[in-house]
Novice: 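This is the structure I want to talk about, given as structure tokens.
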Amino acid sequence: MRVGIRVPPCDRADHVLETVRRAERLGFDDIWFPDSQLLWRDVFTTLTAAALGTDRIGLGTAVTNLATRHPAVVASAARSVAELAPGRFTLGLGVGNSSVGPVGLRQSTSAAIREGIGMLRALLAGEEWKFPGGVRSRLRDPAPGIPLHLAASGPRNLRLAGEIADGVILLSGVSPRTLAQATARVREGAAGREGRLPLTVSAFCAVTDDVEAEARRLKPICASIAQNGGAPFLALAGIDVHVPEKIEGIYPDLVHAEDWKAAVDICSAWISDENALRFAEEFCLFGTADEIAARLRALPASGVTGVFLQHVGSYDPPADLIEAVGSAVLPRLK
């Protein structure tokens, strides 16, 4: 199983590169970069620096979108990165989330994702695509074979990912119960396809002896899941919470709050310490190095082929998490 880490492009590309190089030296398999044009530096600029400055580690977007970026623009950007890191780049796509919200756009529908991925595949393969108005165009110097992975959480998009993507990024955390439901929907969509799709699951992670203290910081994450239709998933783990549709005082959103302490305090009105602890224990990888390694070893039994770890925060590099996992967890997996 591949173990990666999420690195937000929260600084100059050359500074982010130092974080990426450290992860490569410590033995991580992949770096996944999120994309949100108002929150971070441009993801493809950062990917270019990472491609030129590393030798082995896999590089991917987790995730970019086809709403703020036209599929033809994404095809060109993906081709440009892939030729700098042959065989190492994965294009992860999603509905938009923090990219579309701050500029007043809606998340991509399943139909839009289907059409956009079809366009991407055609252009990357060097085929002509018929654009609006009957214009037919193709991408010069195409790059066929770039893996297109789709991030999904709801049943419809999980099935869609199983049907059309080269791999799936699961946003369900590492809870065995939610993983079982998510992978079942992917298999439904993939019925009739040959081979097994790569399944990469994202999980918040902290190497700690005091899970209860660290778990409190997860309250905005837990609240966001409940707010965005994930309450049934939380209920499977015994977390019964009711969060209002709109929460004031947090910018730009719950998951990417600029003032994290304030976000934790505000979300405490709906997410108790006990809820946060249960969320950390069930959905996240919080615990000692031995405990985290044991849970990672168990993931392939759920069909998972890779994981990318996240620290709590969006505007600083996950340097501490890289050091802790790289020095204490990865050696235990080997």
Side-chain angles (χ1 to χ4, degrees), residues 1-2 4 30 32 35 58 60-75 78-79 82 89-97 99-100 106-131 139 142-202 228-230 232-233 299-308:
M1 187 183 67
R2 299 180 68 87
D30 299 295
W32 296 90
D35 177 25
T61 53
V63 291
T64 190
N65 72 92
L66 303 176
T68 60
R69 297 183 187 270
H70 190 278
V73 174
V74 175
R79 177 269 316 272
F89 176 60
T90 298
L91 182 63
L93 301 160
V95 298
N97 286 335
S99 292
V100 298
R106 292 184 177 181
Q107 295 182 1
S108 297
T109 63
S110 297
I113 291 173
R114 181 186 293 275
E115 181 179 11
I117 288 183
M119 188 189 305
L120 275 172
R121 286 198 192 284
L123 293 174
L124 289 171
E127 301 170 5
E128 281 193 349
W129 184 265
K130 185 178 180 180
F131 292 93
L139 178 68
I146 296 175
L148 306 183
H149 288 205
L150 183 59
S153 56
R156 180 180 299 177
N157 280 346
L158 286 166
R159 294 187 188 96
L160 178 66
E163 178 188 350
I164 67 173
D166 300 316
V168 186
I169 299 172
L170 300 174
L171 305 177
S172 54
V174 295
S175 167
R177 282 169 282 200
T178 54
L179 273 179
Q181 289 199 6
T183 54
R185 303 293 84 74
V186 172
R187 287 195 300 272
E188 290 171 1
R193 296 182 66 178
E194 294 184 2
R196 187 175 72 157
L197 285 180
L199 300 178
T200 303
V201 63
S202 67
N228 289 291
F233 280 106
L299 283 177
S302 301
V304 171
T305 59
V307 62
F308 70 81

Novice: Can you measure from OG1 (T200) to CE (M1) and round to the nearest 0.5 angstrom?
Specialist: 9.5 Å
Novice: Among all residues two or more places apart in sequence or in another chain, which pass the salt bridge (Lys or Arg N to Asp or Glu O under 4.0 Å) test with E188?
Specialist: R159, R185
Novice: Under the rule for ring-ring contact (aromatic ring centres under 6.0 Å, His included), what residues qualify as partners of F89, not counting sequence neighbours?
Specialist: none
Novice: Just by modelled atom types, is the L199 backbone N or O under 3.5 Å from a matching donor or acceptor in the T305 side chain?
Specialist: yes
Novice: Would you name the heavy atoms of A122 and W129 that are closest together and state the gap between them?
Specialist: CB-CE3, 3.7 Å
Novice: Could you tell me which non-hydrogen atom of P142 sits nearest to which non-hydrogen atom of R79, and how far apart they are?
Specialist: C-CG, 4.3 Å
Novice: Quick one: closest heavy-atom pair of L123 and L139, and the distance?
Specialist: O-CB, 3.5 Å
Novice: Please tell me if the side chains of V174 and L299 come closer than 4.5 Å, counting only heavy atoms from C-beta onward.
Specialist: yes
Novice: With sequence neighbours excluded, what pairs up with S202 under the side chain to side chain donor-acceptor pair (under 3.5 Å) test?
Specialist: none
Novice: Donor-acceptor pair, distance only, cut-off 3.5 Å: does the side chain of D166 make one with the backbone of L148?
Specialist: yes
Novice: Looking at every non-hydrogen atom in both residues, tell me the closest pair between A82 and I146 and how far apart they are.
Specialist: CB-CD1, 3.6 Å
Novice: Is there a donor-acceptor contact under 3.5 Å from the side chain of S108 to the main chain of L66?
Specialist: no
Novice: Is there a side-chain contact (heavy atoms from CB on, under 4.5 Å) between V100 and T68 once you walk through the steps?
Specialist: CA-CA 7 Å; V100 298; T68 60; 4.2 Å; yes
Novice: Who passes salt bridge (Lys or Arg N to Asp or Glu O under 4.0 Å) against R156, sequence neighbours left out?
Specialist: none
Novice: List the atom of M119, the atom of P71, and the distance in Å for their closest heavy-atom pair.
Specialist: SD-CB, 3.5 Å
Novice: Taking only residues two or more places apart in sequence, or in another chain, which ones meet R177 in a side chain to side chain donor-acceptor pair (under 3.5 Å)?
Specialist: E282
Novice: Does the T61 side chain pair with the main chain of G92, one donor and one acceptor, at a distance under 3.5 Å?
Specialist: yes
Novice: Does R193 have any salt bridge (Lys or Arg N to Asp or Glu O under 4.0 Å) partners at least two apart in sequence or in another chain, and if so, which?
Specialist: none
Novice: Given side-chain contact (heavy atoms from CB on, under 4.5 Å), test I113 with L93 step by step and report yes or no.
Specialist: CA-CA 9 Å; I113 291 173; L93 301 160; over 6 Å; no
Novice: CG/L170 to OG/S302 distance, rounded to the nearest 0.5 angstrom?
Specialist: 10.0 Å
